Amino acid sequence: SLNQRTIEFIAYSYTLSKDYAEGAKWYQKMVSLEGFVDNTLDLNSLAYTLLLSGQKEKALEVYQKAKAIMPQTEHSYQGLIEYYFYTNDTKNAEKELKDYILMFPRDSYALYLIASLCGVSGREEECFTYLDLAFANGFKDLDRLTTDPNLVNIINKNSYTLLLKKYGLH
């Protein structure tokens, strides 16, 4: 009989090889082991693999269960944020991100993601506010910014250039 970490390794290996359906089966074996203690990281791994294998409803259930276990951790929010982005549910992605930012206000990547969502929905002023916060907290991935289709209308603005100069990123 295989132990939890061996099963996790097998599941992860299938995921790396992009055989998500098989990876999900192994993660499900892991979480159904006698003595398995539900934890956010392992449940998020299962949910992510379910999501990539096309089992969206099941993935959402597992992500929600993971968040309920330890709602105050970064990983608890990140799983649902990932789910909502993957399924193009921008309304819920933004809600989760804003809740997350209340708990982790210095996460520059999360601030950038909110800016991106604001950019795609035409909320330019709010987009610049979140970009400013992202830069102030150390976000420097200009390649991501310039290739983000949600920010196409933002990066050509003078305000964007001024923001980059403010942080020495031009």
Side-chain angles (χ1 to χ4, degrees), residues 8 12 15 24 27 31 36-53 55-170:
E8 181 181 22
Y12 183 69
T15 302
Y27 275 120
V31 301
F36 176 80
V37 177
D38 283 342
N39 66 80
T40 302
L41 290 176
D42 287 337
L43 290 175
N44 276 353
S45 294
L46 168 58
Y48 183 67
T49 308
L50 288 166
L51 182 62
L52 294 178
S53 71
Q55 300 176 61
K56 294 177 188 174
E57 296 80 17
K58 182 85 172 150
L60 180 58
E61 288 174 27
V62 176
Y63 275 131
Q64 288 170 333
K65 181 178 181 181
K67 186 176 178 188
I69 291 170
M70 293 185 71
Q72 71 280 13
T73 68
E74 293 175 48
H75 299 293
S76 299
Y77 282 92
Q78 290 166 347
L80 277 172
I81 291 166
E82 182 174 66
Y83 173 83
Y84 291 129
F85 267 95
Y86 187 87
T87 59
N88 295 314
D89 183 346
T90 56
K91 179 182 174 192
N92 280 314
E94 186 171 343
K95 180 196 174 307
E96 285 294 319
L97 276 164
K98 286 185 174 179
D99 288 348
Y100 173 82
I101 289 299
L102 291 174
M103 295 182 74
F104 306 99
R106 300 184 55 83
D107 187 324
S108 64
Y109 188 73
L111 291 163
Y112 149 72
L113 288 174
I114 296 174
S116 178
L117 290 173
C118 293
V120 76
S121 63
R123 294 174 289 153
E124 189 175 303
E125 188 175 319
E126 194 176 358
C127 176
F128 279 113
T129 297
Y130 281 106
L131 278 178
D132 194 357
L133 287 168
F135 291 144
N137 284 285
F139 188 83
K140 293 183 170 112
D141 190 347
L142 296 184
D143 288 338
R144 181 170 294 279
L145 286 174
T146 57
T147 59
D148 185 336
N150 296 345
L151 298 176
V152 155
N153 295 325
I154 299 297
I155 62 174
N156 296 319
K157 303 271 182 182
N158 189 44
S159 302
Y160 177 75
T161 305
L162 293 173
L163 195 56
L164 290 180
K165 285 182 181 177
K166 176 180 175 182
Y167 293 99
L169 299 170
H170 57 295

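Fair warning: this is a prediction, and the values are worked out from it, not measured in the lab. Heads up: numbering here begins at 1 and tracks the sequence.
Under the 3.5 Å distance criterion, with hydrogens and angles disregarded, a donor-acceptor pair is assigned to the side chains of Ser116 and Asn150. Side-chain contact of Asn44 with Tyr63: a donor-acceptor pair under 3.5 Å is absent, judged by distance alone.
In this structure, the side chains of Leu51 and Thr87 come closer than 4.5 Å at one or more pairs of heavy atoms. No side-chain heavy atom of Tyr77 sits less than 4.5 Å from a side-chain heavy atom of Ile101. At least one side-chain heavy atom of Val62 sits less than 4.5 Å from a side-chain heavy atom of Leu50. Side-chain contact between Tyr86 and Glu82: absent, with no pair of heavy atoms (C-beta onward) separated by less than 4.5 Å. Contact of the Tyr100 side chain with the Leu113 side chain is not registered, since no non-hydrogen atoms from C-beta on lie closer than 4.5 Å. Looking at Ile114 and Leu133, their side chains never come closer than 4.5 Å, going by heavy atoms from C-beta outward. In this structure, Tyr167 and Asp132 have side chains that are in contact, with non-hydrogen atoms separated by less than 4.5 Å. Considering only heavy atoms from C-beta on, Tyr83 comes within 4.5 Å of Lys56 through its side chain.
For Tyr12, the OH atom counts as loosely surrounded, since its 6.0 Å shell holds 12 or fewer non-hydrogen atoms of other residues, nucleotides or ligands. Environment of NZ in Lys140: sparse, with no more than 12 heavy atoms of neighbouring residues, nucleotides or ligands closer than 6.0 Å. Residue Glu125 qualifies as open at atom CD: its count of foreign heavy atoms under 6.0 Å is 12 or below. Dense packing is recorded around CG of Asn39, with more than 12 heavy atoms of other residues, nucleotides or ligands lying under 6.0 Å away. Around CZ of Arg123, the count of heavy atoms belonging to other residues, nucleotides or ligands within 6.0 Å exceeds 12.
A salt bridge is absent between Lys67 and Glu74; no separation between the charged side-chain nitrogens and carboxylate oxygens falls under 4.0 Å. Between Lys65 and Glu61 there is no salt bridge, since none of the side-chain N atoms of the basic residue sits less than 4.0 Å from a carboxylate O of the acidic one. By the 4.0 Å N-to-carboxylate-O rule, Glu96 lies too far from Lys91 to be salt-bridged with it.
The salt bridge (Lys or Arg N to Asp or Glu O under 4.0 Å) contacts involving residues 149-158 comprise Glu124-Lys157, where partners must be two or more places apart or lie in separate chains.
Nearest heavy atoms, Ile155 versus Tyr160: O-CD2, 3.3 Å. The two atoms that bring Ile154 and Gly119 nearest to each other are CG1-CA, 4.4 Å, heavy atoms only.
Classified by interplanar angle (parallel below 30°, tilted 30° to 60°, perpendicular above 60°), the ring pair Tyr112/Phe139 is parallel.
Checking side-chain atoms of Ser76 against main-chain N and O of Met70 turns up a donor-acceptor pair under 3.5 Å.
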Inset, instruction - Given salt bridge (Lys or Arg N to Asp or Glu O under 4.0 Å), test Lys95 with Asp99 step by step and report yes or no. - result: CA-CA 6 Å; Lys95 180 196 174 307; Asp99 288 348; 2.9 Å; yes

